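Take a look at the structure below.
Naming: A, B, ... by sequence-line order, numbering from 1 per chain. Only a predicted model underlies this, so the values are computations on that prediction, with no experimental measurement involved.
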Amino acid sequence: MPELPEVETTRRGIEPFVLGRAVEAVAVRQRQLRWPVPEDLPDRLRGKAILRLARRGKYLLFVVEGGALLAHLGMSGSLRIVLGDEPLKKHDHVDIVFAGGACLRYHDPRRFGCLLWVPGDPLAHPLLAELGPEPFDAGFTGEYLHAAAQGRATAVKTFIMDSHLVVGVGNIYANEALFRAGIDPRRAAGRIGAGRYAELARLIREVLQQAIAQGGTTLRDFVNASGKPGYFQQTLAVYGREGLPCVLCGGPIRSVRLGQRSTFYCPRCQH
DNA sequence: CAACGGACCTGCCTGC
DNA sequence: TGCAGGCAGGTCCGTT
């Protein structure tokens with residue numbers, strides 16, 4: 001479900017309800033996520049105010065005095081604010097109740113996400129320390145991509161989805177950015193020139209920025225923090241459109257598998 | 001190192 | 001209608 005735009009949409013939706021608020025209680029109904037929810041998480045958070053709600057890649061960081069709650073939504077997770085009584089649904093695994101009554105509810109059918117306690121500086125955590133630059137960082141440039149690609153035989157789509165290279169480019173937006181750049185997703189990363197990488201870096205930023213502005217992409221039942229869907233799905237040019245006409249040339253969109261992920265492209269427009 | 005496959009889970013859709 | 005199989009927005013980890 002969540003790629004960077006969905007996580008950022010979630011962050012923005014939640015922020016006003018949690019910033020400066022103290023955690024009153026944490027209810028963990030299912031500990032077995034990607035990694036077990038630490039048993040002492042409720043004790044770590046209780047009574048502490050959220051000082052900052054940051055995002056690093058697709059991770060969310062609820063920073064409190066002395067550490068942070070590190071959250072990831074995996075493939076199927078969501079975080080939403082619940083005000084008042086709302087019956088629990090299946091897979092509502094964790095509630096974080098704030099002073100004043102707002103409740104942050106973590107829902108994740110596949111349980112690929114995580115909720116971890118990180119003491120001290122959260123960016124020093126092993127999951128975050130080795131991540132590549134944010135796509136909106138000054139360091140994320142065509143030159144950076146071009147330099148990192150030298151000698152790499154892997155497909156360019158697999159290459160740009162590696163979070164150690166750059167964070168936040170998931171399957172949907174990798175497909176969309178490569179379409180906009182006119183680059184065949186199967187092309188070897190090391191066989192693409194600096195000029196094309198400059199365009200690709202720009203278009204990765206563009207597609208993510210647009211998706212954030214539209215509240216993310218809603219597939220199946222994704223809803224953001226306020227329970228509303230995202231509208232970027234209407235903007236998708238290739239993702240999920242196998243056999244449908246290319247928005248540029250009218251030819252059929254083709255699908256292949258790359259690195260065990262569905263890949264969509266226009267064979268006439270992408271080389 | 002780089003590249004690849006498996007692993008973690010549930011739900012939904014398709015086809016027999 | 002039931003059931004098996006394949007697929008899904010992520011990404012870590014172990015093996016070549």
Atom [atom1] of [X] to atom [atom2] of [N]: distance rounded to whole Å?
{"X": "A:L73", "N": "C:dG10", "atom1": "CG", "atom2": "C1'", "result": "10 Å"}
{"X": "A:M75", "N": "B:dC12", "atom1": "CE", "atom2": "C1'", "result": "13 Å"}
{"X": "A:N175", "N": "C:dG9", "atom1": "CG", "atom2": "P", "result": "9 Å"}
{"X": "A:L4", "N": "C:dG10", "atom1": "CG", "atom2": "P", "result": "11 Å"}
{"X": "A:Y239", "N": "C:dG10", "atom1": "OH", "atom2": "C1'", "result": "12 Å"}
{"X": "A:H164", "N": "C:dC13", "atom1": "NE2", "atom2": "C1'", "result": "10 Å"}
{"X": "A:E130", "N": "B:dC1", "atom1": "CD", "atom2": "C1'", "result": "14 Å"}
{"X": "A:E6", "N": "C:dG9", "atom1": "CD", "atom2": "P", "result": "12 Å"}

- Centroid under 5.5 Å and tilt under 30°, A:F112 to C:dT11: no
- Task: Please list every stem that involves DNA chain C, where a stem is a run of 3 or more consecutive Watson-Crick or G-U wobble pairs with both pairing distances under 3.5 Å.
- Result: B:2-8 with C:10-16, B:10-16 with C:2-8
If you restrict it to nitrogen or oxygen atoms, what contacts under 3.5 Å exist between nucleotides 3-5 of chain C and the protein, and what is each distance?
none

- Task: Considering non-hydrogen atoms only, spot the tightest contact between A:L248 and A:C269 and give its length.
- Result: CB-SG, 3.9 Å
- Query: Mapping A:R110 and A:R34 to their closest nucleotides on DNA chain C, which lands nearer the 5' end?
  - Reply: A:R110
Among [options], find the nucleotide with the atom closest to the side chain of [X].
{"X": "A:K58", "options": "B:dC9, C:dG10, C:dC12", "answer": "C:dG10"}
{"X": "A:R261", "options": "B:dG11, B:dC9, C:dT11", "answer": "C:dT11"}
{"X": "A:W35", "options": "B:dA3, B:dG11, C:dC12", "answer": "C:dC12"}
{"X": "A:I172", "options": "C:dG9, B:dG11, C:dT11", "answer": "C:dG9"}
{"X": "A:Q260", "options": "C:dC12, B:dG6, B:dT10", "answer": "B:dG6"}
{"X": "A:E3", "options": "C:dG9, B:dT10, C:dC7", "answer": "C:dG9"}

- Without swapping roles, check the side chain of A:Q270 against the backbone of A:I183 for a donor-acceptor pair under 3.5 Å. yes
Counting only side-chain nitrogens and oxygens, does [X] get under 4.0 Å of the OP1 or OP2 atom of [N]?
{"X": "A:H91", "N": "B:dT10", "value": "no"}
{"X": "A:K90", "N": "B:dT10", "value": "no"}
{"X": "A:Y59", "N": "C:dC12", "value": "yes"}

For [X], report the nucleic acid contact type (base, sugar-phosphate, nothing); a contact means any heavy atom under 4.0 Å.
{"X": "A:Q32", "result": "nothing"}
{"X": "A:L33", "result": "nothing"}
{"X": "A:R111", "result": "sugar-phosphate"}

- Task: Determine the interatomic distance between P on C:dC7 and the same-named atom on B:dG5; round to the nearest Å.
- Result: 14 Å
- Task: Assess whether atom CZ of A:R254 is packed by more than 12 heavy atoms of other residues, nucleotides or ligands within 6.0 Å.
- Result: no
Is there a donor in the side chain of [X] and an acceptor in the side chain of [Y], or the other way round, less than 3.5 Å apart?
{"X": "A:T235", "Y": "A:Q210", "value": "no"}
{"X": "A:D92", "Y": "A:H107", "value": "yes"}
{"X": "A:R186", "Y": "A:Y265", "value": "yes"}

- Query: Using the benzene-type ring in the case of Trp, are the ring centres of A:Y173 and A:F232 under 6.0 Å apart?
  - Reply: yes
- Task: Could you list who else is in A:L61's hydrophobic cluster, with ILVMFWY side chains joined at under 4.5 Å, directly or through other members?
- Result: A:W35, A:Y59, A:V63, A:L70, A:L116, A:V118, A:L123, A:L127, A:L128, A:L131, A:V167
- Could you check if a side-chain atom of A:R29 sits within less than 4.5 angstrom of a side-chain atom of A:H93, using non-hydrogen atoms only? no
- Do A:V247 and A:F179 have side-chain heavy atoms sitting under 4.5 Å apart? yes
- Item | Working for side chain to side chain contact (heavy atoms under 4.5 Å, CB included), residues A:I96 and A:V23 | CA-CA 7 Å; A:I96 299 174; A:V23 174; 4.0 Å; yes
